[in-house]
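Data first, discussion second: the structure below is written as structure tokens.
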Protein chains: 2
Amino acid sequence: MKKINLLFLLSILSIFSMAQEKKEFTLEDLIPGGSTFYSMQPQYMYTTWWGNHCLETTVDTCFEINPQSGEKTELFTVAQLNRWLDAKGDSALFRNGLTVTFPDPDRPYVAVTISGGQASDHTNMRKYILLDFKGGKKVWEQEYPADASNLDRSSRSKNLAFTWQKNLYVIQADGTRMPVSTDGSNDLVYGEAVHRNEFGIDKGTFWSPDGKQLAFYRMDQSMVPDYPQVDINTRIASTYSCKYPMAGEAMHKVTIGIFTPATQKTVWLQTGDPTDRYFTNITWSPDNKKIYGIELNRDQNHAHVVRYDATTGQRETVIYEENHPKYVEPQHGLLFLPWDSNKCVYQSQRDGYNHLYLFDLKSPCDTSEQKMSGGGSCREHVKVSPITVGSWVVKEVVGFDVKEKSIIYCSNELHPLQSNLYKVKVTGGKRTLLDDGKGVHNADLSSDGSLLVDMYSSPTIARNIDIIETKNGKKRRLLSSEDPWKDYNVPEITCGSIKAADGKTDLYYRMVKPVNFDPNKKYPAIVYVYGGPHAHMVEASRNYFARGWEIYMAQKGYLMFILDNRGSEFRGLDFENVTFRHLGVEEMKDKMEGVKFLKSLPYVDANRLGVHGWSFGGFMTTNLMTTYPDVFKVGVAGGPVIDWQYYEVMYGERYMDRPQDNPEGYKGSNLRLKAGNLKGKLQIIIGYNDPVCMPQHSLSFLRACIDAGTQPDFFTYPGDEHNMMGTDRIHLHERITQYFEDYLK
Amino acid sequence: MKKINLLFLLSILSIFSMAQEKKEFTLEDLIPGGSTFYSMQPQYMYTTWWGNHCLETTVDTCFEINPQSGEKTELFTVAQLNRWLDAKGDSALFRNGLTVTFPDPDRPYVAVTISGGQASDHTNMRKYILLDFKGGKKVWEQEYPADASNLDRSSRSKNLAFTWQKNLYVIQADGTRMPVSTDGSNDLVYGEAVHRNEFGIDKGTFWSPDGKQLAFYRMDQSMVPDYPQVDINTRIASTYSCKYPMAGEAMHKVTIGIFTPATQKTVWLQTGDPTDRYFTNITWSPDNKKIYGIELNRDQNHAHVVRYDATTGQRETVIYEENHPKYVEPQHGLLFLPWDSNKCVYQSQRDGYNHLYLFDLKSPCDTSEQKMSGGGSCREHVKVSPITVGSWVVKEVVGFDVKEKSIIYCSNELHPLQSNLYKVKVTGGKRTLLDDGKGVHNADLSSDGSLLVDMYSSPTIARNIDIIETKNGKKRRLLSSEDPWKDYNVPEITCGSIKAADGKTDLYYRMVKPVNFDPNKKYPAIVYVYGGPHAHMVEASRNYFARGWEIYMAQKGYLMFILDNRGSEFRGLDFENVTFRHLGVEEMKDKMEGVKFLKSLPYVDANRLGVHGWSFGGFMTTNLMTTYPDVFKVGVAGGPVIDWQYYEVMYGERYMDRPQDNPEGYKGSNLRLKAGNLKGKLQIIIGYNDPVCMPQHSLSFLRACIDAGTQPDFFTYPGDEHNMMGTDRIHLHERITQYFEDYLK
């Protein structure tokens with residue numbers, strides 16, 4: 001008996017000590033910006049392509065990986081690089097991992113960037129240097145101002161374009177530097193991304209394939225007012241320029257120039273009056289002679305794919321048009337087939353889901369109007385053939401397999417929450433799955449598309465990296481990360497679906513249960529929300545895409561619930577545009593289906609429901625708190641939209657039209673009008689210098705609450721913009737956590 | 001036995017029901033701006049002087065009061081006024097009590113102001129009308145723009161000066177209108193109070209006694225930066241001009257002009273270079289020929305009383321000088337004796353307390369330097385004789401008794417917390433107490449000083465109004481207000497003194513005990529603080545000057561403690577200027593003596609101490625929370641100073657010198673440097689458009705806390721300035737209360 005008791009005791013002690021051994025997370029572990037955040041992430045390896053050679057760069061060595069055997073061969077070391085550079089003081093550059101590229105697929109060149117002393121006008125300079133890692137010597141270098149931005153280098157011509165001190169410059173391969181513009185200012189912007197980075201725009205310069213001509217954006221925003229942003233760090237607080245076109249108000253005007261360094265001449269595309277139009281997705285023809293772009297009217301319901309003569313700037317022809325009663329949103333330019341310069345790939349949601357279409361630019365076609373999904377229509381001025389078809393979404397084109405004449409892409413064909421790698425024959429449309437058919441995959445393709453590096457995770461895989469032969473799908477494992485949280489008390493993370501408020505659409509949720517979950521207890525629950533377009537929160541990646549803060553809150557005893565409502569991405573056009581002209585309404589209906597589900601769970605305390613979200617999620621949080629004041633007890637709304645008339649033209653008018661054209665819609669989503677409903681505790685938090693959701697949103701809401709006699713709380717991060725980064729992000733999450741601890745627990 | 005028990009029961013029930021019957025205060029009852037605030041104040045009567053006739057104006061009738069008998073005789077009614085005006089639509093003007101004045105002591109004229117239609121240039125106008133209430137007719141009127149500001153009318157000449165659309169104008173008695181300036185702007189200000197209303201300045205125009213010349217301020221502030229104040233109520237938020245000279249930075253330049261309407265010419269006082277000097281306390285000589293002013297150097301430690309020739313603008317002579325190693329602060333101009341235009345009264349703290357001195361402008365004197373209290377010195381260029389002397393303070397000169405050749409004034413001679421009415425013979429200095437020798441008195445004197453209306457309260461008197469014959473002190477009661485709170489459960493309010501941190505100086509406190517106080521319980525206590533110069537919080541008026549919020553918090557179960565530390569007003573120069581060059585240090589030492597006293601009380605819970613204050617009190621609150629993080633658990637700091645370099649030149653440099661001259665002092669009082677000490681809950685609240693303590697104070701503190709990893713709370717009232725008014729003030733106090741309820745209770 002004594003023995004048994006002892007064993008029993010020991011076993012209890014052992015269970016106890018095992019539980020004890022499990023570590024607890026800190027915010028520093030879980031929030032980007034935390035001191036231990038990266039060491040708590042799955043392992044990673046840095047691979048890159050040199051043509052079709054797969055390279056791995058470690059902190060001090062560059063290896064080549066044999067794709068068949070996985071064997072690594074040393075190519076060069078950082079010590080060698082430094083010797084070749086004869087860089088005495090610069091070796092520190094490489095301390096935190098190699099920042100090297102391999103720009104020339106045909107030559108053994110590695111490119112590095114180092115600080116490069118001062119120019120004669122005292123400008124601090126940087127140097128871009130090509131080193132021959134086989135010959136072991138410097139082969140070329142290019143100097144440019146250290147504070148230049150928007151660097152865009154043609155690896156073909158070695159011409160470099162960049163913006164500096166408000167103007168656009170080019171430095172040629174021989175070092176000749178020339179201004180492309182001279183009258184740049186806050187009002188007149190050259191060579192930068194325009195239209196507030198909507199419509200897939202992420203840069204403002206576009207080298208022709210041969211690198212001899214530079215297409216660039218010029219944006220006249222003199223008619224756009226500055227939002228008064230205040231810098232409190234000057235001796236006496238001061239304002240700085242922050243152009244912000246609000247919905248329904250004056251919009252900037254964009255034009256496109258073609259600069260030829262050889263002649264130092266600029267030709268302007270003759271687009272006609274650029275007033276109230278968007279010019280997007282600039283693409284060069286493979287022969288360097290034409291420029292393609294997509295032109296969209298301000299109402300964003302009519303897109304033209306247009307061809308220009310790059311030499312004269314003349315508008316030549318429209319090759320394709322799309323209309324939609326809600327909106328058309330072109331986000332991808334033409335992608336020319338590497339093996340046929342008369343054909344290109346176009347992405348469109350014309351059939352209700354984003355798919356690939358082949359444009360045959362030389363073939364005749366029927367230009368009559370064709371009906372499309374959702375009441376839209378299109379007009380084809382060139383022959384258009386679908387490449388992919390189905391009730392699923394092409395998420396990303398990875399590239400081409402030149403030998404097989406295939407396109408490699410990611411889609412969610414297998415499951416709405418997944419992202420899998422496929423190749424599809426351009427002719428015939430035969431699709432082949434390249435990966436394991438699970439989880440969420442990202443790929444990096446070699447020059448000719450014969451090999452790809454597949455980085456992926458799934459709810460049960462922390463991170464794997466494989467190298468795959470696209471020809472036959474043969475895989476070799478390069479990395480299999482161990483679970484970085486294996487010693488921690490990780491909460492149970494599950495995924496499921498409920499029906500949307502329309503009664504038919506599947507919506508996916510993630511649930512993070514409190515650690516040491518006891519189904520007989522009642523837990524406070526927090527709904528984390530975003531809910532807007534261009535985003536999703538639940539996917540079949542590691543931990544179902546759970547954010548670190550959810551883990552932290554589960555550790556503190558909260559049940560976390562995250563639902564992708566209608567209006568979010570990757571579920572097709574109808575799923576997304578159901579919110580048109582009344583943002584917030586359908587989204588909230590779906591969120592309340594989620595709440596209904598939560599309340600049905602015996603372990604959720606329906607009297608202790610919280611909600612938190614940022615940006616569109618801040619809008620949702622404030623909206624939920626004021627629309628369902630008896631449901632949610634505590635909310636934290638970050639950088640919220642309060643009134644869409646204070647949001648910008650491009651994003652805002654796409655979904656809401658102009659205030660003067662949709663007064664009811666703007667009124668219905670104006671949260672100031674609901675300020676008097678507030679009953680629970682709501683903390684609004686903004687970056688004091690937010691250039692995205694201007695402080696006017698939150699401040700006008702505070703004013704409305706004060707006038708209505710309700711009591712929101714408020715905090716602001718001076719100097720921060722739309723999101724808090726670095727250590728401020730830790731501070732923020734400590735703050736958000738404390739608010740729920742004070743009022744929801 | 002049964003009977004006794006029943007009686008006992010009845011008596012308990014009776015006590016219980018009596019307690020029950022007592023009403024509870026709401027914030028609306030106690031806070032200015034509340035809907036029931038005025039009905040909860042002691043009764044009042046509106047008296048005014050027409051020469052030596054004492055008048056009372058009620059909502060519909062004007063009476064004359066017989067000072068001997070107290071009998072009232074009807075003079076006229078509002079209905080009569082309206083008939084005389086033939087004002088059909090204007091009777092509404094008088095609905096809320098008469099807004100009438102009696103500008104001419106020798107004629108039965110009543111003056112009213114009504115809206116006056118539109119001028120030919122569409123400017124909305126107002127009319128100032130004199131009515132003969134004996135003759136029953138209109139006798140004169142004057143039209144001026146409805147949006148004019150700084151109205152200054154000479155009752156003698158009937159000339160009106162006013163500012164309008166950034167310039168200064170005069171309208172003569174005959175209606176002729178003329179601009180005094182034409183180049184007014186945000187940079188160049190005419191006819192307004194200058195030097196940010198410091199040095200007793202509260203207006204910018206000064207008519208000569210005969211009303212034929214107008215002295216006025218001109219302030220060039222083009223060199224002073226605008227603090228970026230943001231208006232969120234425009235379609236897109238915008239900035240507006242808010243000139244703010246910060247300590248150590250460029251200061252505006254002030255000059256003084258003399259405009260003569262008859263010639264429409266302006267003469268400028270030849271002050272020499274006005275850079276970095278203050279021009280204050282403009283006074284005309286009784287013969288209309290001279291202008292006296294006080295000139296103070298930027299360091300504020302050397303004041304000159306100077307005489308100018310008003311006709312030529314020439315600087316004639318210095319009549320008096322004062323130096324002090326800390327600062328000199330002239331707040332009152334010369335006051336000429338009505339019976340001797342060669343003599344005037346001057347107020348000075350030269351002997352350590354504010355007292356009255358007689359300047360005999362025509363008598364010879366010894367101009368050698370004389371030592372003063374506290375290391376200062378003075379130089380008399382005219383004969384100076386003290387009128388009042390003692391270790392107490394003359395608070396206010398009420399006026400002159402012409403017949404008795406006396407000055408009527410208020411002082412705290414009887415007790416530091418009191419304010420009593422005295423008359424003093426200009427010759428001989430014999431003082432006579434005019435009031436009851438208790439409480440806090442305010443007086444309004446008749447034309448010749450033979451009668452005065454004495455309005456007063458004391459800890460036991462809600463409000464009395466007496467009429468007093470200054471000759472013999474004979475009083476007649478006009479009003480004795482009943483206690484407006486007699487039906488309410490009013491907390492016990494007491495007053496006492498403790499020793500300052502210097503071990504010798506008496507400091508006075510007020511304590512408001514929780515309602516239904518039980519000495520055997522432990523209560524949370526809140527220290528309400530101000531602590532800065534030019535203010536006091538404890539006096540022997542009604543409820544010892546308790547603020548409504550203290551009553552409210554006592555009702556909620558808090559003990560409130562309010563202490564006037566060294567640095568506050570009415571206790572003499574040494575008491576005030578002990579804080580010189582290190583604001584906050586001595587003040588906090590004294591506050592901690594108060595805390596020591598609080599902790600010694602058995603019914604105070606030392607673990608639940610809170611602190612709240614606004615402006616300088618916000619500085620004190622933040623300072624106490626970060627200097628004694630283990631003493632105070634919860635604080636609310638309103639509109640705080642955080643760093644004196646962000647405060648303005650005039651007030652700031654008086655106490656702190658320039659940042660470049662006192663770096664250690666500025667460092668020691670820079671609360672950003674203590675941000676990391678914060679442990680308790682501290683909420684900072686500011687008016688978003690505060691033009692006094694600029695938002696840069698609080699925002700820079702938030703930034704410092706974020707960087708240091710501490711968690712203050714924050715709230716802001718968009719559109720509000722340094723103090724919240726009206727319903728916002730109710731909202732604010734609800735907010736402050738809730739914070740203590742959430743975290744201190």
Side-chain angles (χ1 to χ4, degrees), chain A residues 224-240 244-246 248-250 645-646 659 681 683-685 688 694-720 724 727-728 730-732 734-735 738-739 742-743, chain B residues 224-240 244-246 248-250 645-646 659 681 683-685 688 694-720 724 727-728 730-732 734-735 738-739 742-743:
Chain A
V224 176
D226 270 309
Y227 186 94
Q229 292 280 8
V230 177
D231 179 1
I232 63 153
N233 295 313
T234 47
R235 169 65 184 89
I236 299 164
S238 53
T239 54
Y240 57 90
Y244 195 84
M246 285 193 185
E249 299 295 306
Q645 72 158 338
Y646 295 145
K681 294 293 292 185
Q683 182 170 192
I684 293 179
I685 305 178
Y688 180 71
M694 312 319 267
Q696 194 168 11
H697 287 280
S698 294
L699 292 167
S700 72
F701 183 73
L702 295 193
R703 182 71 259 167
C705 289
I706 296 161
D707 291 342
T710 56
Q711 291 281 4
D713 290 319
F714 179 68
F715 195 75
T716 186
Y717 283 80
D720 283 357
M724 278 81 247
T727 54
D728 283 14
I730 306 294
H731 187 277
L732 169 70
E734 198 175 283
R735 179 159 198 89
Q738 194 57 50
Y739 200 68
D742 283 352
Y743 294 112
Chain B
V224 175
D226 270 309
Y227 186 95
Q229 291 282 6
V230 176
D231 180 0
I232 63 154
N233 294 313
T234 47
R235 169 66 185 90
I236 299 163
S238 53
T239 53
Y240 57 90
Y244 195 85
M246 285 192 185
E249 300 294 307
Q645 73 160 335
Y646 294 144
K681 295 292 294 185
Q683 182 170 193
I684 292 178
I685 305 179
Y688 180 71
M694 311 320 266
Q696 194 168 12
H697 287 280
S698 294
L699 291 167
S700 72
F701 184 73
L702 295 192
R703 183 71 258 168
C705 288
I706 295 161
D707 291 344
T710 56
Q711 291 282 3
D713 290 319
F714 179 67
F715 196 75
T716 186
Y717 283 80
D720 283 355
M724 278 80 246
T727 55
D728 283 15
I730 306 292
H731 187 277
L732 168 70
E734 197 175 284
R735 179 160 199 89
Q738 194 57 50
Y739 200 69
D742 284 352
Y743 295 113

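Order of the sequence lines sets the chain letters (A, B, ...), proteins ahead of strands, with each chain counted from 1.
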Greatest number of heavy atom pairs closer than 4.5 Å to chain B - which of A:Met246, A:Glu734, A:Met694: A:Met246
Heavy-atom pair with the smallest gap, counting every atom of A:Tyr227 and B:Ala237: CE1-CB, 3.5 Å
Among the listed options A:Asp713, A:Thr727, A:Asp720, the residue most often paired with chain B at heavy-atom distances under 4.5 Å: A:Asp713
Check: A:Val230 and B:Val230 side chains under 4.5 Å, non-hydrogen atoms: yes
Interchain contact, B:Asp742 with chain A, by part (heavy-atom threshold 4.5 Å): side chain
Separation between CD of B:Gln711 and CD of A:Gln738, rounded to the nearest 0.5 Å: 8.0 Å
B:Tyr717 versus chain A, the contacting section by heavy-atom distance below 4.5 Å: both
Contacting moiety of B:Thr710, where chain A heavy atoms sit under 4.5 Å: backbone
Contacting region of B:Ser700 [heavy-atom separation from chain A under 4.5 Å]: both
Partner chain A: residue of B:Gly709, B:Pro712, B:Cys705 with the largest heavy-atom pair count (under 4.5 Å): B:Pro712
Spacing of B:Leu732 atom CG and A:Ile706 atom CD1 [to the nearest 0.5 Å]: 9.5 Å
Best-contacting candidate, B:Tyr646, B:Tyr743, B:Tyr244, B:Tyr688, against chain A by heavy atom pairs under 4.5 angstrom: B:Tyr743
Between OG1 on residue B:Thr716 and CZ on residue A:Arg703, distance to nearest 0.5 Å: 10.0 Å
Any donor-acceptor pair under 3.5 Å from B:Gln696 side chain to A:Thr234 backbone: yes
Pairwise distance CD(A:Glu249) to CD1(B:Ile236) - rounded to 0.5 angstrom: 4.5 Å
Non-neighbouring partners of A:Phe714 that pass ring pair (Phe, Tyr, Trp, His ring centres under 6.0 Å), sequence neighbours left out: none
Distance (rounded to the nearest 0.5 Å) between B:Asn233 CG and A:Leu699 CG: 10.0 Å
Spacing of NE2 belonging to B:His731 relative to CG belonging to A:Leu702, to within rounding of 0.5 Å: 9.0 Å
Between A:Gly719, A:Pro695, A:Ser238, the one whose heavy-atom pairs under 4.5 Å with chain B are most numerous: A:Ser238
